[in-house]
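First the structure, in the form of structure tokens, and then the observations on it.
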Amino acid sequence: MTILTVQSSYIPSRVPVTKNSNFDQIPSWVSLKSSTSSSSSVKIEHKQGQVENLHLVSLSKNGKLNEAFEFFQEMDKAGVSVSPYSYQCLFEACRNLKSLSHGRLLHDRMRMAFENPSVFLQNCVLQMYCECGSLEDADKLFDEMPELNAASRVTMITAYAGQGFLDKAVGLFSGMLASGEKPPSSMYTTLLKSLVNPRSLNVGRQIHAHVMRTGLCSNASIEIGILNMYVKCGWLVGAKRVFDQMAVKKPVAWTGLMVGYTQAGRARDALKLFVDLVTEGVEWDSFVFSVVLKACASLEELNLGQQIHACVAKLGLESEVSVGTPLVDFYIKCSSFESACRVFQEISEPNDVTWSAIISGYCQMSQFEEAVKTFKSLRSKNAAVLNSFTYTSIFQACSVLADCNIGGQIHADAIKRSLIGSQYGESALITMYSKCGCLDDAHEVFESMDNPDIVAWTAFLSGHAYYGNASEALRLFEKMVSCGMKPNSVTFIAVLTACSHAGLVEQGRHYLDTMLRKYNVAPTIDHYDCMIDIYARAGLLDEALKFMKNMPFQPDAMSWKCFLSGCWTHKNLELGKIAGEELRQLDPEDTAGYVLPFNLFTWAGKWEEAAEMMKLMNERMLKKELSCSWIQEKGKIHRFIVGDKHHPQTREIYEKLKEFDGFMEGDMFQCSMTERREQLLDHSERLAIAFGLISVNGNAREPIKVFKNLRACPDCHEFAKHVSLVTGHEIVIRDSRRFHHFREGKCSCNDYW
DNA sequence: AGTGCTAGGT
């Protein structure tokens, strides 16, 4: 009957072996390799082609492109022709799998097979090219096609608009109108959806005008399309006008405009609109809830949000993920983490957005370890709810925890799962590696970016700033500018920080003075504070004071804190006293206002005044932060405080420290206080360094990386230099402000910090 | 049609 036979020699090679049910599996025994005579095949050609084509269609629909192509070839060899419908399905498969190479091959075959393919089939090819991202191919075909219909134009216009080639899209569109062809209404909505930024406003208004002329504005979806277009193009006045003129205001219209206000930072206006919506008795839907809650969140309007929560509860929508998730986020933004957790419990099926809100909530609460813990447990139980947002938050958590061990693993995991958010995720990675002391890795991430945005540049620049690589940071800044990037306020903070860490007073002043004129970024008090810091660190205290008096802002707590810091570094008691008073007045909670004057008084031997500072602190229930250092070994973190004897290897650690006894003698020589002399020997950073020396076990290639919560103490800084010299080990200490990289008795900070 | 994320000093 048929030439189709089961052949044992035909072993399916590309059918994947899966453990799951194989209900979608395609039988691979359909073969054209036949031992029967070819004469018989001619007789039943018609019937035979049907079956083969059916198989080809089935393979295409299941996305088995390689097998389909193999089968295609066999059909070819057997002289069985491929039907137009098969071509259509094959093109669809190429489109879905984004396989341009297969698509091109197929297109060539199609040209050979049919002299005059139908417009319909040509449109399939066109669509395939567009969706595979090759507008060039699509363009070429479009020009070659002898006959075009509305669908061909719609395809091209959609593709042009989608890729941002507005001129071309609009050109085709007007050509379509000019030729008298009536575009389908979906054409309008498609085109409107592609207008997503202020640059497209002009085109959008033209379309709007055209819609008005042709009376299409009565079409509800076009009308809402215009409203949303104005929102995206940032013209809220226009959006409001469209809204006001609507005969029937559906919830979509309300939410559209409310989203516009919220995104523009006009949450109050969004809430006003919401009140109107309530008074007009418009029915709410889950979208209304999410926008209102977002507006409440940005204003931290706990009260109103709680009322909305009550409505949600009344309507029994708490378990609904689309309502519960914005509610969770609202409570998190209002710092009511407990309420957020309660709401979260009620959601019956939390999705990835819900989880990302929870994890970013932990980060906002500075519960970074909890964030990582939650991430890990999700990762093992239900990895499907992890998305690029969550990974971005986790990178942030790892950067704060300075844990590049787990951070690196999660980075690798994110690569495997393609879940590194472009720009956001990458910038977070740059910061993570920079703050973990892996500038090389940060560099690699930066280099790998297609289009580093200003955030990425700033993150990388800050990375260099932490290391005291001022020249590299400034070089990067200039390079960034020459690449056409526009620096912003944060960028200048990074630039000024770089100058500060390297003592580049003149340079710092130069950037502060030119940022407005040359880069059109208005300096804020934060920038002035950076400059005070630069002066104060450099010991130019009089300059700093003069600068503070003349700057266009009232000095804030930070201004005085920077100044006070410099007073301590450069041992100026008189100015330090003044600065301390100012700081205590502006921010009585800041311990620096007591601790630094205390240090100064003790240094000057003014014990009574020093005691007074301690008394003040105690009265105000303030506690000096305990100094603590930590180091990672084989993924485990070892923490130390002053004089710590809790570590299981305590004995070895102190033995190790004894090896540097000679150095300590010299150390004591520099010390003025008996009490401090005793403490110096077991400062937390020394314990960590000693532990590091024990655990690296002679492997000098990896630097010993120690992290500290406060600023490095000068004596320990000397100690680290000494250790790096005698042992040949590189030592990195990241204190609360920056990195110190010790090599052969020298520190990267050049003793300036 | 909506909700979730990135760069900063002391």
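Each chain gets a letter, A, B and so on, in the order its sequence line appears, and its residues count up from 1.
Nearest to the side chain of A:S322, among B:dG2, B:dG9, B:dA1, sits B:dG2. The side chain of A:H501 approaches B:dT10 more closely than any other nucleotide in the set B:dG8, B:dT10, B:dC5. Distance from the side chain of A:T392 is smallest for B:dT6 among the nucleotides B:dT6, B:dG9, B:dA1. Listed nucleotides B:dA1, B:dT6, B:dG8 differ in distance to A:D285; the shortest reach to its side chain belongs to B:dA1. Of all nucleotides listed (B:dT10, B:dA7, B:dG9), B:dA7 comes nearest to the side chain of A:T431. Nearest nucleotide to the side chain of A:S393, out of B:dC5, B:dA7, B:dG9: B:dC5.
Looking at A:D533, its side chain has no donor and acceptor atom pair within 3.5 Å of the base of B:dG9. You'll find a donor-acceptor pair under 3.5 Å spanning the side chain of A:N488 and the base of B:dA7, going by distance alone.
The shortest distance between the side-chain N/O atoms of A:T497 and the OP1/OP2 oxygens of B:dG8 is not below 4.0 Å. In terms of phosphate contacts, A:Q396 brings a side-chain nitrogen or oxygen within less than 4.0 Å of OP1 or OP2 of B:dT6.
Of the N and O atoms on the side chains of A:D440 and A:Y433, not one donor lies less than 3.5 Å from an acceptor on the other residue.
In this structure, A:T325 reaches the bases: a heavy-atom distance under 4.0 Å links it to at least one base atom across the strands shown. Within 4.0 Å of A:T491, counting heavy atoms only, lies no atom of the nucleic acid at all. When heavy atoms are screened at a 4.0 angstrom cut-off, A:Q364 is found touching the sugar-phosphate backbone but no base atom. A:D329 comes within contact range of the sugar-phosphate backbone alone, with a heavy-atom separation under 4.0 Å but no base atom that close.
Here A:F287 packs flat against the base of B:dA1; its ring centre is closer than 5.5 angstrom to the base's six-membered ring, tilted by less than 30 degrees.
Scored by the side-chain contact (heavy atoms from CB on, under 4.5 Å) test, A:Q345 finds no partners at all (sequence neighbours excluded). With sequence neighbours left out, A:E320 forms a side chain to side chain donor-acceptor pair (under 3.5 Å) with no residue at all. Considering only residues two or more places apart in sequence or on other chains, A:N469 meets the side chain to side chain donor-acceptor pair (under 3.5 Å) condition with A:H464. With sequence neighbours excluded, no residue forms a salt bridge (Lys or Arg N to Asp or Glu O under 4.0 Å) with A:D403. A search for side-chain contact (heavy atoms from CB on, under 4.5 Å) contacts involving A:I525 returns A:D529, A:M551, A:F553, A:D556, A:S559, not counting sequence neighbours.
Looking at heavy atoms from C-beta onward, A:I222 lies in side-chain contact with A:T189 at the 4.5 angstrom threshold.
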Would you sketch DNA chain B in dot-bracket for me? Only Watson-Crick or G-U wobble pairs with both distances under 3.5 Å count, crossing pairs as [ ], other-strand pairs as |, the rest as dots.
..........
